[in-house]
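Chain naming here is simple, since letters A, B, ... match the order of the sequence lines and numbering starts at 1 in each. Note that the coordinates shown come from a computational prediction; the quantities given were computed from them, not determined experimentally.
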There are 2 protein chains.
Amino acid sequence: MSEEDEQPRPTRIQQKNRSVILEAALTVFSAQGFRGATIDQIAEAAGLSKPNVLYYFASKDDIYRSLLTGLLDMWLDPLRQIDPQGQPLAEVQRYVAVKLQMSRDYPRESRLFANEVLQGAPLLTEILGGQLREMVDGAASIFAGWIESGQLARVDPHHLIFSIWALTQHYADFEVQVRAVLGEGHDPYAEAGIFLAGLYDRLLKP
Amino acid sequence: MSEEDEQPRPTRIQQKNRSVILEAALTVFSAQGFRGATIDQIAEAAGLSKPNVLYYFASKDDIYRSLLTGLLDMWLDPLRQIDPQGQPLAEVQRYVAVKLQMSRDYPRESRLFANEVLQGAPLLTEILGGQLREMVDGAASIFAGWIESGQLARVDPHHLIFSIWALTQHYADFEVQVRAVLGEGHDPYAEAGIFLAGLYDRLLKP
DNA sequence: CGAAATATTGACCAACAGGTCAGGATCAGG
DNA sequence: CCTGATCCTGACCTGTTGGTCAATATTTCG
């Protein structure tokens with residue numbers, strides 16, 4: 001029974017360097033896409049040599065996979081937090097606000113996923129059609145219930161969710177465009193917060 | 001005075017092959033991003049040999065630039081078509097509908113620009129802060145006028161435009177995600193058309 | 001037709017990028 | 001403080017990719 005096959009717990013150095021590498025990889029992959037990124041860039045950003053990076057991860061692909069899968073749960077978590085018992089409008093507004101804040105605080109993560117999905121999501125297809133789809137269907141049926149009971153205006157729940165994703169992540173993914181068009185002296189996220197609160201208020205009030 | 005420095009008009013073959021290459025490049029670049037694309041892939045998609053592609057364009061970069069700049073006007077045209085004399089709500093709804101249709105009919109173009117902006121728009125920064133910004137400001141002040149005269153609800157005009165871009169292009173840029181989440185038996189663009197018409201109706205009616 | 005202009009290609013090159021490896025440095029813990 | 005495990009690196013290998021070039025094929029047009 002005492003199978004000695006268990007993987008050894010990571011040493012302190014392993015733990016630190018793996019996270020340093022993933023942090024660097026997040027910066028590089030989100031800015032350059034998978035193919036655009038090089039191991040050298042990641043190594044440089046991590047302050048390590050290339051062979052040393054490859055000592056901790058088997059391959060570039062391995063880094064990328066670890067990064068994506070490690071971030072996915074955190075990224076989708078707010079969707080899980082929607083409370084069927086809560087006040088419908090407030091629940092949606094909270095979700096919008098949280099997603100917008102995530103775009104502001106974690107733009108690299110947003111761009112990482114955007115890049116991946118844009119390229120056809122070669123690594124996420126199963127998850128998209130599986131786990132994610134179930135989560136979205138779950139949230140959508142909560143919305144549908146609220147609509148049925150007259151607590152929300154009649155809108156397509158799935159597209160309501162898409163709209164929240166599109167509107168909030170837009171500010172991270174297209175940040176250069178937003179800033180270039182607005183010019184100096186703007187706080188895009190603050191303005192977006194007001195705009196989106198008003199939008200979903202008008203859209204969803206029965 | 002008869003400067004013979006003018007560039008020779010392109011032959012029929014030049015004209016055809018250049019456009020064949022750009023068409024192929026659009027497919028490849030939009031699916032792979034700039035760095036992910038290879039000249040071989042473009043050549044293959046165009047049905048030409050790699051050296052032959054480089055006979056018509058000086059470099060990979062040259063292909064990419066020609067493609068982007070050639071498409072930009074077409075892509076931004078609908079924004080110019082907003083008529084200050086028109087019926088405010090109808091003008092916005094028309095713009096939304098046109099942009100959504102463009103996402104459906106020209107998803108490659110949408111993804112091409114999305115890729116470029118995501119990576120920081122190294123080639124478009126001047127245009128974004130210059131020509132595009134002026135166009136957006138122009139449209140925004142039309143909207144502002146309509147709001148002032150009570151024909152539209154009070155919303156931030158710039159973010160109104162961003163919202164239209166985000167919502168419509170989302171269906172092209174994140175198409176795999178949308179389809180994966182919706183599953184079979186859906187026509188995302190048709191559903192989105194209904195959803196967005198309702199959204200902007202509720203948002204903008206005074 | 002025939003010659004000049006244009007179009008096409010196979011072979012090649014240099015730079016780059018992912019990945020390997022043998023050996024040396026460093027560290028943990030008995 | 002010694003030894004085995006862990007960590008790190010320079011040098012190297014290989015496949016890919018952007019790009020060149022001389023030579024050949026094709027088109028154009030007088």
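A residue-by-residue look at Leu48(B) and Phe34(A) shows that Leu48(B) has its nearest nucleotide of DNA chain C further toward the 5' end.
Rounded to whole Å, atom C1' of dG19(D) lies 7 Å from atom NZ of Lys50(B). In this entry the distance linking CD of Gln32(B) with C1' of dT16(D) reads 14 Å, nearest Å. The separation between Ile39(A) atom CD1 and dT9(D) atom P is 15 Å, rounded to whole Å. To the nearest angstrom, P of dT6(D) lies 18 Å from NZ of Lys16(A). If you take CZ of Arg18(A) and C1' of dT6(D), they are 15 Å apart, rounded to a whole angstrom. One can place CD of Glu44(B) at 13 Å from P of dT9(C), the figure rounded to the nearest angstrom. Taking atom CD on Gln15(B) and atom P on dA7(C), their separation rounds to 11 Å, with Å as the unit.
Between the CD atom of Glu191(B) and the NE2 atom of His159(A) there is a distance of 3.5 Å, given to the nearest 0.5 Å. The structure places CG of Leu68(A) at 12.5 Å from CD1 of Ile63(A), a figure rounded to the nearest 0.5 Å.
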Tell me, with the steps shown, if Asn115(B) and Gln32(B) meet side-chain hydrogen bond (donor to acceptor under 3.5 Å, both in side chains).
CA-CA 9 Å; Asn115(B) 258 310; Gln32(B) 316 264 117; over 6 Å; no

Test side chain to side chain contact (heavy atoms under 4.5 Å, CB included) on Arg80(A) and Asp73(A); report intermediate values, then the result.
CA-CA 10 Å; Arg80(A) 272 184 284 261; Asp73(A) 271 342; 3.8 Å; yes

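In this view, Ala31(A) satisfies the side-chain contact (heavy atoms from CB on, under 4.5 Å) rule with no residue, not counting sequence neighbours.
Residue Gln14(B) has no polar side-chain atom (N or O) positioned under 4.0 Å from OP1 or OP2 of dT6(C). In this model, the phosphate group of dT16(D) is not approached by any side-chain N or O of Thr38(B) to a distance below 4.0 Å at OP1 or OP2. Contact between the side-chain N/O atoms of Ser49(A) and the OP1/OP2 oxygens of dG10(D) is not found at any separation under 4.0 Å. Of the side-chain N and O atoms in Asn17(B), none sit less than 4.0 angstrom from OP1 or OP2 of dT6(C).
Heavy atoms from other residues, nucleotides or ligands lying under 6.0 Å from CD of Gln41(A) number more than 12. Counting non-hydrogen atoms of other residues, nucleotides and ligands closer than 6.0 Å to OH of Tyr106(B) gives a total of 12 or fewer.
Using a 4.5 Å cut-off on side-chain heavy atoms (C-beta onward), Val20(A) and Tyr56(A) make no contact.
A heavy atom lying under 4.0 Å from DNA chain C marks the following residues of residues 52-67 of chain B, by number: Asn52(B), Tyr55(B), Tyr56(B).
Phe195(A) and Asp156(B) get closest at one heavy-atom pair: CE1-O, 4.0 Å.
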Under a 4.0 Å heavy-atom criterion, the protein footprint on nucleotides 21-28 of chain D, written with B, S and -, is B-------

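Using a 4.0 Å heavy-atom cutoff across all strands shown, Ala37(B) reaches sugar-phosphate atoms only and no base atom.
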